[in-house]
Participant: 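The structure under discussion is supplied below as structure tokens; questions concerning it will follow.
What you see is a predicted model, and the numbers here were worked out from it, not measured in a lab.
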Amino acid sequence: MTYHPKSDFLNVMTERGYLADCTDYQGLDEALVKGVVPAYIGYDATAASLHVGHLLNIMMLRWLQKCGHKPITLMGGGTTKVGDPSFRAEERPLLTPEKIDENIAGMKQVFARYLTYGDGPSDAIMLNNAEWLDGLNYLDFLRDIGRHFSVNRMLSFESVKSRLDREQSLSFLEFNYMILQAYDFLEIYRRHGCLLQMGGSDQWGNIVNGIDLTRRVLDREIYGLTSPLLTTSDGRKMGKSASGAVWLNAAMLSPYEFWQFWRNTTDADVGRFLKLYTDLPVAECDRLGALAGSEINQAKIVLANEVTALLHGAEASAAAEATAREVFEKGGVGDDLPTLKVTAAEAAEGLGIVQLFVRAGLAASGKDAKRLIQEGGARLNDEPVTDAGLRLGASHLAEPVKLTAGKKRHALVVLD
């Protein structure tokens, strides 16, 4: 970016690595300098919790508020009924209104950890697009909004083109999604003076549509800003772990497992992740990221502590670190380890070691668990497991049993 921003917010976005693209750097910068800018990010309610993939954008809203502007978290109670087709190979399963409301309730818990909600000029607000989408009259909407969209142009967007090029069906329902998202931006501008929509770079086309629509309907200028789609230094999509999505709700992933995810960051990613996922000053992030040899492990612990404290609180973060030290340094059993409870009846019948690794979340499938054992990566109470046919009975389970996959992933098996 050749433009040098004057506003605190664009400086933070640039310096910390949040910025992929912006529809008008100078125009947005001037608006940010002039006064409080309301900005929103939309979250469709497709699951009961947000995951690590959402955290980058939540941090952008956090910095927006720290710089004196107003974050808006938009819950997609309406758009979830359609489903965003962007870069997806197939249509999303449709959810019932009840399930959507339930998911929104689960997602709300996370935002309050990062943002301050209230009635002040820079306090965050939460909206639900069902408020204006559910009551739309189809014919009025087609006439007032649909006429501003060119199908030729919609077909040229990469998210749509990639589906059509692979000759995968794109339903008319999904095709409407980008019109609804554009309409969201127009409505939030009308209702709350929202000047900026942010999102991942896969949302660029949808964001630009909202800006064009607002210009055509209201003759007003609003802005879009996107963040890079993050991959780890070894090419994996950020937010996926060996055992699946890294959820942000403690009920779906324990603070200890969340802490471990960050502790296991690849050396090359530590400095970048400190800038993106913590509030630490940039100079400190650079210093920690430049540590070499075994010292980089201290930087990873700082990363894990800072990110976990933001989401789950300082106490949960300290407990996770203490458990990790207990497990790794003393070979003991920490209080905070993920725990699989088995019944006395199951123990009496005997439980296969392969089944236990799968149920404890240390292996994705029986095949995966067998391969782990064959490759010498499975341990039982810190002793290597060599027999995939091993069964544990009531006598083995009289005391808690520790399972280990690789060097860093552990779980306890206890009798319920």
Participant: Donor-acceptor pair, distance only, cut-off 3.5 Å: does the side chain of Lys81 make one with the backbone of Pro97?
Facilitator: no
Participant: Hey, is the main chain of Leu362 close enough, under 3.5 Å, to the side chain of Arg409 for a donor-acceptor pair?
Facilitator: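 Indeed, once roles are kept as given, a pair shorter than 3.5 Å links the two residues.
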Participant: Do Val52 and Trp262 come close enough that some side-chain heavy atom pair is under 4.5 Å?
Facilitator: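 In short, these two side chains touch, coming nearer than 4.5 Å.
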Participant: Between Thr226 and Gly200 (side chain of the first, backbone of the second, donor and acceptor by atom type, cut-off under 3.5 Å), is there such a pair?
Facilitator: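 Not at all, since once roles are kept as given, no pair shorter than 3.5 Å links the two residues.
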Participant: Name all residues meeting the salt bridge (charged side-chain N to carboxylate O under 4.0 Å, His left out) criterion together with Asp123; count only those two or more places apart in sequence or in a different chain, and write none if there are none.
Facilitator: none
Participant: Taking Ser7's backbone N and O only, do any of them form a donor-acceptor pair with Asn11's side chain (distance below 3.5 Å, no angle check)?
Facilitator: yes
Participant: Less than 4.5 Å apart, side chain to side chain, heavy atoms only: is that true for Cys194 and Ile222?
Facilitator: no
Participant: Is the backbone N or O of Gly78 less than 3.5 Å from a side-chain atom of Asn129, with the two atoms forming a donor-acceptor pair by type?
Facilitator: yes
Participant: Where the side chain of Asn249 meets the backbone of Ala251, is there a donor-acceptor pair that is under 3.5 Å apart?
Facilitator: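 No, Asn249 side chain to Ala251 backbone: no donor-acceptor pair under 3.5 Å.
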Participant: Can you tell me how far CZ of Phe185 sits from CD1 of Ile207, rounded to the nearest 0.5 angstrom?
Facilitator: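 Answer for the CD1-CZ pair, Ile207 versus Phe185, is 7.5 Å.
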Participant: With no hydrogens and no angle check, is any side-chain donor or acceptor of Thr23 less than 3.5 Å from a backbone partner on Gly224?
Facilitator: yes
Participant: Pairs in or reaching into residues 344-354: which pass salt bridge (Lys or Arg N to Asp or Glu O under 4.0 Å), with residues at least two apart or in two chains?
Facilitator: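 Listed by first then second residue: Glu346-Arg359.
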Participant: For Glu321, what residues pass the salt bridge (charged side-chain N to carboxylate O under 4.0 Å, His left out) criterion, not counting sequence neighbours?
Facilitator: Arg325
Participant: Have Ser201 and Asp21 got a donor and an acceptor in their side chains that come within less than 3.5 Å?
Facilitator: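 Side chains of Ser201 and Asp21: no pair found under 3.5 Å.
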Participant: Identify, with sequence neighbours excluded, every residue that meets side-chain contact (heavy atoms from CB on, under 4.5 Å) alongside Asp8.
Facilitator: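 By the side-chain contact (heavy atoms from CB on, under 4.5 Å) rule, Asp8 matches Cys67.
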Participant: Measure up the His51 and His54 rings against each other and bin them: parallel (under 30°), tilted (30 to 60°), perpendicular (over 60°).
Facilitator: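 Tilted.
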Participant: Kindly state each residue pair satisfying ring-ring contact (aromatic ring centres under 6.0 Å, His included) with at least one member in residues 340-389, sequence neighbours excluded.
Facilitator: none
Participant: Do Ile301 and Arg263 come within less than 4.5 Å of each other through their side chains, counting heavy atoms only?
Facilitator: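 Yes, at least one pair of side-chain atoms sits under 4.5 Å.
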Participant: By the ring-ring contact (aromatic ring centres under 6.0 Å, His included) test, which pairs, at least two apart or in different chains, include something from residues 285-319?
Facilitator: Phe258-His312
Participant: Cut-off 3.5 Å, side chains only: do Asp29 and Tyr223 have a donor facing an acceptor?
Facilitator: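 Short answer, no.
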Participant: Going by salt bridge (charged side-chain N to carboxylate O under 4.0 Å, His left out), name the residues that satisfy it together with Lys6, two or more places apart in sequence or in a different chain.
Facilitator: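 Testing Lys6 for salt bridge (charged side-chain N to carboxylate O under 4.0 Å, His left out), a comparison that skips the adjacent residues, returns none.
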Participant: Can you find a pair of side-chain heavy atoms, one from Asn57 and one from Ser227, that are under 4.5 Å apart?
Facilitator: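 Result yes, sub-4.5 Å side-chain heavy-atom pair found.
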Participant: Is there a donor-acceptor pair closer than 3.5 Å between any side-chain N or O of Arg391 and the backbone N or O of Gly350?
Facilitator: yes
Participant: Partners of Asp269 by salt bridge (charged side-chain N to carboxylate O under 4.0 Å, His left out), sequence neighbours excluded?
Facilitator: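 Checked Asp269 against salt bridge (charged side-chain N to carboxylate O under 4.0 Å, His left out); matches are Arg272.
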Participant: Which pair of heavy atoms, one from Gly366 and one from Val358, lies closest together, and at what distance?
Facilitator: N-CG2, 3.6 Å
Participant: Just wondering, do Ile211 and Gln197 contact through their side chains at under 4.5 Å, heavy atoms?
Facilitator: no
Participant: Side chains of Glu131 and Asn128: donor-acceptor distance under 3.5 Å anywhere?
Facilitator: no
Participant: Taking only residues two or more places apart in sequence, or in another chain, which ones meet Ala309 in a side-chain contact (heavy atoms from CB on, under 4.5 Å)?
Facilitator: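 Ala309 satisfies side-chain contact (heavy atoms from CB on, under 4.5 Å) with Ser317 only.
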Participant: Among Ile58, Leu61, Ile41, Thr116, exactly one meets side chain to side chain contact (heavy atoms under 4.5 Å, CB included) together with Pro71. Which residue is that?
Facilitator: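 Running side chain to side chain contact (heavy atoms under 4.5 Å, CB included) over Ile58, Leu61, Ile41, Thr116 with Pro71 returns exactly one hit, Leu61.
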Participant: Taking side chain as C-beta onward, heavy atoms only, is Thr278 less than 4.5 Å from Phe273?
Facilitator: no
Participant: Just by distance, no angles: are the side chains of Thr73 and Tyr117 close enough, under 3.5 Å, to form a donor-acceptor pair?
Facilitator: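 There is such a pair between these side chains.
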Participant: Less than 3.5 Å apart, which donor and acceptor atoms pair up between the side chains of residues 102-113 and the rest of the protein, not counting sequence neighbours?
Facilitator:
unit_1: Glu102; atom_1: OE2; unit_2: Lys99; atom_2: NZ; d: 3.2
unit_1: Asn103; atom_1: OD1; unit_2: Ala48; atom_2: N; d: 3.4
unit_1: Asn103; atom_1: ND2; unit_2: Ala45; atom_2: O; d: 3.0
unit_1: Arg113; atom_1: NE; unit_2: Leu311; atom_2: O; d: 2.9

Participant: Determine which pairs satisfy salt bridge (Lys or Arg N to Asp or Glu O under 4.0 Å) with at least one residue from residues 46-68, sequence neighbours left out, and list them in order.
Facilitator: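 As it turns out, the salt bridge (Lys or Arg N to Asp or Glu O under 4.0 Å) pairs with a partner in residues 46-68, which skip direct neighbours, are Arg62-Asp279, Lys66-Asp279.
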Participant: Do you see a donor-acceptor pair shorter than 3.5 Å between the side chains of His69 and Ser122?
Facilitator: no
Participant: Please list all pairs passing the salt bridge (Lys or Arg N to Asp or Glu O under 4.0 Å) test where one or both residues lie in residues 302-317, with sequence neighbours left out.
Facilitator: none
